[in-house]
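Here's the structure we're looking at; comments come further down.
One is the number of the first residue; the rest follow in order along the sequence.
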Amino acid sequence: MNKRELYDGFAQMGAETQKMLERIEAIKVEMTRVIERNAELETENQHLRAHLQELEQEKQSNGQAELSKSKKNLEMLYEEGFHVCNVDNMYGTRRINDEPCVFCQDVIYGERR
């Protein structure tokens, strides 16, 4: 093998190596895109599962929304016989004969739909 053939062989090998590096870089870019898309889909899937679970819970409670913690506390006080409304400064006073109070019920259940 003479010097010219040796030089041409190295030049050809360098060109082939360059093409291979370009293909590797293209594959790397595509792999990054696929991994990012996969992460997005996993996050979306988690959100959809959480939303589905919320819908199932609403369905099980016969369409009635769950009371917040503070409204549950007011409901407990009301069931123990106390006013939770502030009509005529009645909040915290005992209900007479545990009769229902429309104002108290509106405070507890009024915003539920």
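- Under 4.0 Å is where a charged nitrogen must lie from a carboxylate oxygen, and between Glu75 and Lys72 no such pair does.
- In this structure, the side chains of Glu25 and Val29 come closer than 4.5 Å at one or more pairs of heavy atoms.
- Looking only at distances, a side-chain donor or acceptor of Arg95 sits under 3.5 Å from a matching main-chain atom of Tyr78.
- Contact of the Leu74 side chain with the Tyr109 side chain is not registered, since no non-hydrogen atoms from C-beta on lie closer than 4.5 Å.
- Checked by atom type and distance alone, the side chain of Asp88 never pairs as donor or acceptor with a backbone atom of Met90 at under 3.5 Å.
- Note that CZ of Phe103 is 14.0 Å distant from CD1 of Ile108, once rounded to the nearest 0.5 Å.
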Q. What do the steps show when you test Lys19 against Glu22 for salt bridge (charged side-chain N to carboxylate O under 4.0 Å, His left out), and what is the final call?
A. CA-CA 5 Å; Lys19 286 181 184 178; Glu22 289 171 3; over 6 Å; no
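- Remark: Ile96 CD1 is loosely packed, at most 12 non-hydrogen atoms of other residues, nucleotides or ligands lying under 6.0 Å away.
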Q.
Asp8 vs Gln12, test: side chain to side chain contact (heavy atoms under 4.5 Å, CB included). Steps then yes/no.
A. CA-CA 6 Å; Asp8 288 344; Gln12 183 180 0; over 6 Å; no
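- Distance check: Lys71 NZ to Asn73 CG gives 12.5 Å after rounding to the nearest 0.5 Å.
- Rounded to the nearest 0.5 Å, atoms CZ (Arg37) and CD (Glu44) are 7.0 Å apart.
- Atom CG in Asn38 sits 11.0 Å away from atom CE in Met31 (nearest 0.5 Å).
- With rounding to the nearest 0.5 angstrom, the CD atom of Gln18 is 5.5 Å from the CG atom of Leu21.
- Taking each heavy atom of Cys101 and Cys85 in turn, the nearest pair found is SG-SG, 3.9 Å.
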Q. Checking side chain to side chain contact (heavy atoms under 4.5 Å, CB included) for the pair Tyr91/Leu77: CA distance, chi angles, key distance, verdict?
A. CA-CA 10 Å; Tyr91 181 81; Leu77 288 171; 4.3 Å; yes
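- Taking CD of Glu40 as the start and CD1 of Ile35 as the end, the distance is 12.5 Å to the nearest 0.5 Å.
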